[in-house]
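Have a look at the structure below before the remarks.
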Protein chains: 2
Amino acid sequence: MTAQRRAILKVIETASKHLDASQILRKARALDNSVDRSTVYRTLDLLKRQGLIDELDLMHLKGEGHYYERKLGRDHIHMACLRCGKITEFVSETFESLKTQLERDCRFHIVVSRLEVGGYCAGCRH
Amino acid sequence: MTAQRRAILKVIETASKHLDASQILRKARALDNSVDRSTVYRTLDLLKRQGLIDELDLMHLKGEGHYYERKLGRDHIHMACLRCGKITEFVSETFESLKTQLERDCRFHIVVSRLEVGGYCAGCRH
DNA sequence: CGCGTATTGCGACTCAGTCGCAACTAAGAT
DNA sequence: ATCTTAGTTGCGACTGAGTCGCAATACGCG
Ligand SMILES: [Mn+2]
Ligand SMILES: [Mn+2]
Ligand SMILES: [Zn+2]
Ligand SMILES: [Zn+2]
């Protein structure tokens with residue numbers, strides 16, 4: 001456990017929204033200005049492999065990069081509005097059953113799952 | 001409708017597996033050797049916007065690129081084995097209900113949805 | 001045919017992510 | 001407290017995916 005990892009971890013833990021790698025770098029540097037871009041990517045890989053964070057595309061609404069968020073108990077679905085860009089999260093019991101069903105029917109042991117939806121939010125539908 | 005688009009379209013239509021942009025370029029060139037990389041990307045964007053193809057990450061098992069597949073009537077789930085890399089597809093009625101439920105409960109009009117799962121397949125679980 | 005608009009190829013570019021390597025550090029052993 | 005070493009870091013160079021501006025070309029319509 002290094003100072004750099006502590007900084008990166010704190011940024012992710014206290015984030016109020018989904019952050020991409022360069023945002024994480026910027027915020028981590030505010031805590032420990034020695035943090036390097038490579039270290040951010042290496043730490044992100046580590047946390048991903050440990051199952052502590054999830055990686056998201058958010059429909060690639062802006063650019064090709066990825067977003068990260070702390071993985072808590074229950075998974076959630078991400079909805080991205082194609083018009084206003086708003087990201088909404090939703091916890092669904094049906095989603096949980098779907099995963100259980102998948103594990104049984106396909107004899108597949110799920111480690112990570114990602115349901116992302118693009119469309120139009122209540123304020124933008126037409 | 002240009003010769004280049006016809007070639008790219010035919011490649012996607014007759015694909016037996018998920019192809020990335022560079023594979024599509026290579027195969028399209030075999031049909032029409034004038035096809036350029038930019039045209040592949042532009043056509044892919046077009047087909048995405050028309051809702052004719054889906055874009056997939058396949059858990060970024062190999063590299064950062066994206067994969068494409070023709071969108072047919074029913075959506076399906078993609079499962080990627082983290083050990084052997086096998087991709088399995090699965091059609092689920094529960095998935096369909098989940099989307100319907102989402103549209104109702106969140107007042108969100110779904111245009112595109114992507115459920116990708118990473119884990120261990122029957123042959124690789126431990 | 002001609003014509004105007006949409007599309008293309010090209011080359012240069014951006015941006016996300018990766019890698020090899022030498023310097024450094026955390027943390028366990030003595 | 002110091003030694004040791006395996007793991008981690010910063011740096012800089014690199015890759016690979018995807019984008020863009022522009023001049024040349026081709027589609028499709030009258
Ligand atoms: Mn989230
Ligand atoms: Mn992606
Ligand atoms: Zn919206
Ligand atoms: Zn497998």
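In the text below, chain A, chain B and the rest are named by the order of the sequence lines, each starting its count at 1.
Clustering of Ile, Leu, Val, Met, Phe, Trp and Tyr by side-chain heavy atoms under 4.5 Å joins A/Tyr41 with none of the others. Residues B/Ile8, B/Leu9, B/Ile12, B/Leu19, B/Ile24, B/Leu25, B/Leu31, B/Val35, B/Val40, B/Leu44, B/Leu47, B/Leu52, B/Ile53, B/Tyr68 make up the rest of the hydrophobic cluster containing B/Val11, defined by ILVMFWY side-chain heavy atoms closer than 4.5 Å, directly or through other members. Here A/Leu82 sits in one hydrophobic cluster together with A/Met59, A/Leu61, A/Tyr120, B/Val111, B/Val112; the rule is ILVMFWY side chains under 4.5 Å apart, joined directly or through other members. Apart from A/Val91 itself, the hydrophobic cluster it occupies contains nothing, where clustering links Ile, Leu, Val, Met, Phe, Trp and Tyr at side-chain heavy-atom distances under 4.5 Å.
Heavy-atom distances under 4.0 Å link DNA chain C to A/Ala21 of residues 10-26 of chain A, given in residue order. Of the residues in residues 37-49 of chain A, those with a non-hydrogen atom less than 4.0 angstrom from any atom of DNA chain D are A/Arg37, A/Ser38, A/Thr39, A/Arg42. Within residues 51-61 of chain B, no residue approaches DNA chain D, by heavy-atom distance under 4.0 Å.
One can place CG of A/Asp36 at 6 Å from P of D/dC11, the figure rounded to the nearest angstrom. Atom C1' of nucleotide C/dA16 and atom NZ of A/Lys62 are separated by 16 Å, given to the nearest angstrom.
By the rule that hydrophobic residues join a cluster once side-chain heavy atoms approach within less than 4.5 Å of another member, B/Ile87 and B/Phe90 end up as members of separate clusters. Transitive grouping of hydrophobic side chains (ILVMFWY, heavy atoms separated by less than 4.5 Å) keeps B/Leu58 and B/Val117 in distinct clusters. Note: the hydrophobic cluster containing B/Tyr67 does not contain B/Leu115 (ILVMFWY, side chain heavy atoms under 4.5 Å, direct or indirect links).
One axis for each end of the helix from C/dC1-D/dG30 to C/dT30-D/dA1, each built from five base pairs, and the angle between them comes to 40° at 10° resolution.
Applying the side chain to side chain donor-acceptor pair (under 3.5 Å) rule to pairs touching residues 100-111 of chain B yields A/Thr94-B/Gln101, sequence neighbours excluded. Sorted by first and then second residue, the pairs that involve residues 110-119 of chain B and meet salt bridge (Lys or Arg N to Asp or Glu O under 4.0 Å), not counting sequence neighbours, are A/Asp57-B/Arg114, B/Asp57-B/Arg114, B/Arg114-B/Glu116. Listed by first then second residue, pairs satisfying salt bridge (Lys or Arg N to Asp or Glu O under 4.0 Å) with a partner in residues 45-55 of chain A read A/Asp45-A/Lys48, A/Lys48-A/Glu55, A/Asp54-A/Lys71, not counting sequence neighbours.
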Check the interface with nucleotides 23-30 of chain D: list each N/O to N/O pair with the protein under 3.5 Å, or write none.
unit_1, atom_1, unit_2, atom_2, d
D/dG28, OP1, B/Met1, N, 3.2

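Under 4.0 angstrom from either OP1 or OP2 of C/dA16 there lies no side-chain N or O belonging to A/His66.
Under the 3.5 Å distance criterion, with hydrogens and angles disregarded, a donor-acceptor pair is assigned to the side chains of A/Glu89 and A/His18.
More than 12 heavy atoms of other residues, nucleotides or ligands lie within 6.0 Å of CZ in A/Arg125, so this atom counts as buried by the packing criterion.
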